[in-house]
Amino acid sequence: MTIAFVFPGQGAQTIGMGHALAEAYPAAKAVFDEVDAALGESLSQLIWEGDIETLTLTQNAQPALMAASLAAMRALEAEGVGIDKASFVAGHSLGEYSALAAAGAISVGDTARLLRARGQAMQSAVPVGEGAMAAILGLDLEAVRAVADEAAQGDVCQAANDNDPTQVVVSGAKAAVERAAEIAKEKGAKRAVMLPVSAPFHCALMQPAADVMAEALAGVDIKSPAVPLIANVRADAVTDPDEIRQLLVEQVTGSVRWRESVQAMAAKGVTEFWEIGAGKALSGMIRKIDRSLASKQVGTPESVAAILGA
């Protein structure tokens with residue numbers, strides 16, 4: 001059995017995530033303490049006792065989800081299951097940063113600061129209300145690209161997340177994304193759902209945020225990850241620190257090629273995926289991509305125990 005560790009992106013956040021792990025494992029609690037210290041505030045209090053609206057703000061959700069993922073990773077390590085159990089790591093959008101932190105490429109403190117900067121930069125890149133995202137269900141990537149091109153009409157409209165064979169997300173100017181949703185339904189999409197997001201992620205409108213991240217990443221020490229990263233924008237393995245740095249910048253405006261990333265890992269022999277952190281969204285996508293692949297979720301003491309007992 002060949003295993004990959006995968007790390008969730010925005011949308012998986014819940015109040016209380018990681019709290020039971022922090023109570024059960026001192027090493028998991030230390031992750032939250034480290035993130036709090038890096039940000040100069042008690043993000044852990046917001047995660048465990050706050051309101052979901054504040055936690056869902058991009059600048060909070062991104063470092064919070066990373067903290068929950070790394071706490072789960074530390075719990076596994078405390079039980080003797082290290083990063084070397086995996087042949088690859090990958091993450092969905094911000095989850096790529098969690099994957100790199102888990103693999104020792106970036107320190108937890110630096111990762112928290114990078115994700116806070118990334119969240120703030122992505123939020124401020126486009127005035128609220130001018131951008132949008134929509135999930136197109138029932139059309140494949142090429143069909144959605146054609147829809148986006150037709151809908152653009154001089155505005156930005158791009159395929160942003162290729163999540164699985166049944167779901168591709170488009171991102172861009174609000175009017176163009178709304179047009180894309182209507183065109184997609186005319187072209188046979190089962191549904192087109194406007195997403196409750198505060199900015200149009202992973203499209204050309206995010207270029208100001210990419211510029212911010214290029215500067216932020218230039219000042220951070222990045223090491224080779226302990227296991228190869230399957231990068232979002234390339235859907236292939238990377239280990240070179242300078243290459244990782246560049247791909248993280250490209251990721252801000254580039255598509256999250258999740259379907260292809262999972263297929264790439266399967267082609268390299270991965271048969272089981274462990275979703276490390278909050279939620280089960282990636283496991284659901286993986287099942288739709290290839291039903292022969294197994295997936296497990298690791299985000300609670302009970303799920304850690306289940307993994308160990310398997």
Side-chain angles (χ1 to χ4, degrees), residues 2-13 61 65 69 86-96 98-99 132-149 151 157-172 177 180-181 183-185 187-197 200-203 229-237 251 254-299:
T2 302
I3 296 169
F5 290 175
V6 295
F7 297 82
Q10 217 161 316
Q13 65 274 3
L65 283 160
S69 287
S87 296
F88 300 96
V89 293
H92 193 284
S93 191
L94 82 90
E96 191 156 274
S98 306
M133 300 180 78
I136 309 300
L137 309 179
L139 295 180
D140 64 16
L141 177 62
E142 290 310 313
V144 173
R145 281 179 173 159
V147 165
D149 287 346
C157 190
Q158 295 171 232
N161 301 345
D162 180 16
N163 286 332
D164 64 48
T166 70
Q167 184 192 115
V168 181
V169 175
V170 294
S171 181
V177 171
I183 293 168
K185 285 184 275 192
K187 302 281 188 185
K190 291 179 182 174
R191 290 172 66 203
V193 183
M194 299 299 290
L195 298 180
V197 295
F201 306 131
H202 299 291
C203 75
L229 171 79
I230 303 296
N232 279 189
V233 297
R234 187 175 292 174
D236 202 0
Q251 187 223 57
S255 297
V256 176
R257 296 168 62 184
W258 187 252
R259 176 183 58 85
E260 292 174 89
S261 294
V262 171
Q263 290 172 335
M265 286 182 272
K268 295 174 189 293
V270 172
T271 55
E272 185 167 297
F273 291 80
W274 291 12
E275 185 169 1
I276 312 291
K280 299 178 180 179
L282 299 184
S283 298
M285 292 176 197
I286 289 162
R287 276 194 299 276
K288 290 177 181 174
I289 293 165
D290 186 339
R291 290 200 171 276
S292 73
L293 301 172
S295 59
K296 296 180 178 178
Q297 205 278 334
V298 186

Margin query: Under a 3.5 Å threshold, yes or no: a donor from one side chain and an acceptor from the other, between H202 and N232?
Written below: no
Hey, are the side chains of [X] and [Y] touching, using non-hydrogen atoms and a 4.5 Å cut-off?
X    : Y    : value
I230 : V89  : no
Q263 : I289 : yes
R287 : S295 : yes
T166 : L137 : no
M285 : V262 : no

Next item on the list: Drop me the distance from C203's SG to M133's CE, to the nearest 0.5 angstrom.
Entry: 7.5 Å
Margin query: Measuring from atom CZ of R145 to atom CG of D140, what distance do you get when rounded to the nearest 0.5 angstrom?
Written below: 10.0 Å
Next item on the list: Indicate yes or no: does R257 engage D162 in a salt bridge with an N to O separation below 4.0 Å.
Entry: no
Specify the closest pair of heavy atoms between [X] and [Y], including all atoms of both residues, with the distance to one decimal.
X    : Y    : value
A4   : M265 : CB-SD, 3.7 Å
A266 : L293 : CB-CD2, 4.1 Å
A192 : A181 : CB-O, 3.5 Å
A184 : I136 : CB-CG2, 3.7 Å
L139 : G188 : CD2-C, 4.1 Å
V170 : A180 : CG2-CB, 4.3 Å

Quick one: does [X]'s side chain have a donor or acceptor within less than 3.5 Å of a partner on [Y]'s backbone?
X    : Y    : value
N161 : N163 : no
S171 : F201 : yes
E96  : L94  : no

Next item on the list: Decide yes or no on side chain to side chain contact (heavy atoms under 4.5 Å, CB included) for V147 and K187, but give the supporting numbers first.
Entry: CA-CA 8 Å; V147 165; K187 302 281 188 185; 4.1 Å; yes
Notebook entry, point to check: Above 12 or not: heavy atoms from other molecules or residues under 6.0 Å from NZ of K185?
Noted result: yes
Note to self: Between V177 and M194, does the side chain to side chain contact (heavy atoms under 4.5 Å, CB included) criterion hold? Intermediate values first, please.
What the structure shows: CA-CA 8 Å; V177 171; M194 299 299 290; 3.9 Å; yes
Which pairs would a plain distance check flag for residues 268-279, meaning a side-chain donor or acceptor within less than 3.5 Å of a matching protein atom at least two apart in sequence or in another chain?
from : atom 1 : to   : atom 2 : distance (Å)
K268 : NZ     : D236 : OD1    : 3.4
T271 : OG1    : T2   : N      : 3.4
T271 : OG1    : T2   : O      : 3.4
E272 : OE2    : W274 : NE1    : 2.7
E275 : OE1    : S283 : N      : 2.9
E275 : OE1    : S283 : OG     : 2.6
E275 : OE2    : A281 : N      : 3.4
E275 : OE2    : L282 : N      : 3.1

